[in-house]
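All remarks here apply to the structure that follows.
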Amino acid sequence: MWRIWRRVGSLSPLFSSPKSSILRQDLIQAPYRLNFLGILSTENGTPATIGFFSKEKTPFIAFVLGGPGSGKGTQCAKIAEAFGFTHLSAGDLLRKEISSNSENGAMILATITEGKIVPSGVTIKLIRREMESIENNKFLIDGFPRSEENRIAFERITGVEPNIVLFFDCPEDEMVKRVLGRKQGRVDDNIDTIKKRLKVFAALNLPVINHYTRRGKVYKINAVGTIDEVFEKVRQVFDDCKMIK
Ligand SMILES: Nc1ncnc2c1ncn2[C@@H]1O[C@H](COP(=O)(O)OP(=O)(O)O)[C@@H](O)[C@H]1O
Ligand SMILES: Nc1ccn([C@H]2C[C@H](O)[C@@H](COP(=O)(O)OP(=O)(O)O)O2)c(=O)n1
Ligand SMILES: [Mg+2]
């Protein structure tokens with residue numbers, strides 16, 4: 001088991017030990033497996049709390065959400081640079097799995113091509129692996145959680161909630177224009193898949209944003225404007241966030 005960092009929902013001071021490994025690999029309980037929801041569970045099927053961060057090692061977590069092309073990745077790069085965060089993009093981690101020919105690669109490729117969401121257990125395992133190997137205590141988790149299933153699995157597995165959630169609010173026609181102009185050779189950056197991703201965003205990701213809005217954690221940012229104009233609004237959030245040391 002990972003050690004629990006702190007109770008879900010609480011906000012606490014952070015970053016006591018920047019050089020320490022945040023997740024304790026030696027505390028992971030085996031064996032565990034994915035249940036039908038893609039949530040990690042023990043062999044008898046009960047949900048497994050596979051991780052917990054000790055109180056002193058609690059990282060600051062910002063979930064970064066918004067529709068496809070809203071500018072999440074672009075803004076995360078700037079936040080990472082300006083505020084010393086580590087940027088973890090769920091989509092990038094999944095694409096890396098595809099190109100490394102891992103056992104889940106074919107399933108991930110098929111899911112992304114369809115504009116659908118990869119089972120939570122797979123994505124959380126990749127995020128966890130990164131958080132374990134990186135010695136930082138400030139993480140931007142970009143493009144995750146993409147669904148209530150993602151969110152619930154993350155909270156159940158880690159025992160924590162994000163400290164804040166950034167939501168880049170962007171009109172659909174602007175998102176379509178940006179994705180079609182992205183030219184990174186992605187299998188999902190075509191008009192058919194974009195339409196599906198926009199539907200999936202509205203159906204599955206907006207409920208996550210609504211949930212965290214009710215929890216008072218969402219900073220909604222108008223994503224229209226130049227990259228620098230948007231970043232000025234983002235900067236204010238981080239400048240004002242007293243929890244970030
Ligand atoms: N404020 C902006 N105005 C115009 N284009 C933008 C802006 N922010 C990002 N872009 C461009 O739009 C595309 C999508 O941005 P990206 O950061 O990859 O979005 P996301 O990660 O939300 O899908 C990229 O080509 C990026 O350079
Ligand atoms: N939590 C996540 C994040 C991304 N994915 C899949 C499904 C998404 O359409 C693709 C691409 O995600 P990515 O965040 O890179 O996409 P955008 O930056 O929003 O354009 O990856 C997922 O299944 N689960
Ligand atoms: Mg992105």
Side-chain angles (χ1 to χ4, degrees), residues 37-39 61 63-81 87-99 104-128 130 140-155 157 162 165-209 221-235:
L37 283 174
I39 293 172
I61 296 177
F63 285 159
V64 181
L65 303 178
S70 58
K72 300 180 295 296
T74 303
Q75 295 297 325
C76 280
K78 294 178 82 68
I79 301 164
E81 164 98 32
H87 173 202
L88 300 181
S89 157
D92 285 351
L93 293 173
L94 291 167
R95 284 185 285 276
K96 224 192 299 171
E97 275 301 278
I98 297 171
S99 43
N104 288 319
M107 177 277 288
I108 296 170
L109 176 61
T111 308
I112 286 182
T113 306
E114 273 302 298
K116 294 186 176 155
I117 308 297
V118 173
S120 301
V122 172
T123 314
I124 292 171
K125 200 165 138 193
L126 299 174
I127 293 171
R128 197 195 99 210
E130 292 297 301
L140 300 168
I141 305 188
D142 161 7
F144 182 96
R146 215 82 168 200
S147 63
E148 281 287 272
E149 194 236 324
N150 270 183
R151 177 185 73 73
I152 291 164
F154 182 89
E155 291 181 0
I157 289 167
V165 177
L166 292 189
F167 165 38
F168 290 103
D169 187 26
C170 196
E172 285 199 358
D173 56 349
E174 178 68 19
M175 292 196 271
V176 171
K177 201 171 77 187
R178 289 184 191 176
V179 171
L180 291 178
R182 184 153 52 187
K183 308 273 184 268
Q184 290 177 349
R186 281 174 49 170
V187 291
D188 53 347
D189 281 356
N190 59 78
I191 190 64
D192 288 342
T193 311
I194 294 166
K195 282 183 186 160
K196 292 179 188 164
R197 288 159 67 198
L198 288 171
K199 282 197 180 129
V200 167
F201 172 72
L204 301 185
N205 213 343
L206 285 180
V208 175
I209 293 161
I221 289 162
N222 181 352
V224 179
T226 67
I227 291 170
D228 287 342
E229 282 165 357
V230 176
F231 185 62
E232 280 316 303
K233 295 178 240 174
V234 171
R235 184 196 289 284

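Numbering of ligands and ligand atoms starts at 1, following listing order.
- Geometrically, ligand 1 and Lys72 share a nitrogen or oxygen pair separated by less than 3.5 Å.
- Within the listing of ligand 2, atoms 11 (C), 15 (O) sit less than 4.0 angstrom from a heavy atom of Arg95.
- Distance from atom 7 (C) of ligand 2 to its nearest protein heavy atom, with residue and atom name: Lys116 O, 3.3 Å.
- Between Gly69 and ligand 1, an N or O atom pair is found at a separation short of 3.5 Å.
- Residue contacts with ligand 1 for Thr226 involve N, CA, C or O but no side-chain atom from C-beta outward (heavy atoms, distance under 4.0 Å).
- Checked against a 3.5 angstrom limit, the closest N/O atoms of Gly225 and ligand 1 fall inside it.
- You'll find the side chain of Asp173 stays beyond 4.5 Å of the side chain of Val176, heavy atoms only.
- Of the protein's non-hydrogen atoms, the one nearest atom 9 (O) of ligand 2 is Arg197 NE, 3.7 Å.
- The shortest separation from a heavy atom of Thr111 to ligand 2 is not under 4.0 Å, leaving the residue out of contact.
- For Lys116 and Asp188, the salt-bridge test fails: no basic side-chain N is under 4.0 Å from an acidic carboxylate O.
- Nearest to atom 2 (C) of ligand 2 among the protein's heavy atoms is Gly143 O, 3.5 Å.
- Checked against a 3.5 angstrom limit, the closest N/O atoms of Pro68 and ligand 1 fall outside it.
- Nearest non-hydrogen protein atom to atom 22 (C) of ligand 2 is Leu94 CD1, 3.5 Å.
- Here the heavy atom of the protein found nearest to atom 13 (P) of ligand 2 is Arg146 NH2, 3.6 Å.
- Ranking protein heavy atoms by distance to atom 23 (O) of ligand 2, first place goes to Val118 N, 2.7 Å.
- Between Glu81 and Lys78, no side-chain nitrogen of the basic residue sits less than 4.0 Å from a carboxylate oxygen of the acidic one, so the salt-bridge criterion is not met.
- Polar contact check, Lys72 against ligand 2: a nitrogen or oxygen pair lies under 3.5 Å apart.
- Ser70 counts as a contact of ligand 1, since one of its heavy atoms falls under 4.0 Å from the ligand.
- For atom 21 (O) of ligand 2, the candidate residues are Val200, Val187, Ile112; the nearest heavy-atom contact is made by Ile112.
- At the top of the distance list for atom 16 (O) of ligand 2, counting protein heavy atoms only, stands Arg186 NH2, 3.1 Å.
- Residue Thr123 has no nitrogen or oxygen atom sitting less than 3.5 Å from a nitrogen or oxygen atom of ligand 2, judged on distance alone.
- A salt bridge does not link Lys233 with Glu229: every distance from a Lys NZ or Arg NE/NH1/NH2 to an Asp or Glu carboxylate oxygen is 4.0 Å or more.
- Close N/O approach between Asn150 and ligand 2 is found [any backbone or side-chain N/O within under 3.5 Å].
- Between Ser89 and ligand 2, not a single N/O pair is under 3.5 Å apart.
- Ligand 1 has no nitrogen or oxygen under 3.5 angstrom from a nitrogen or oxygen of Asp142.
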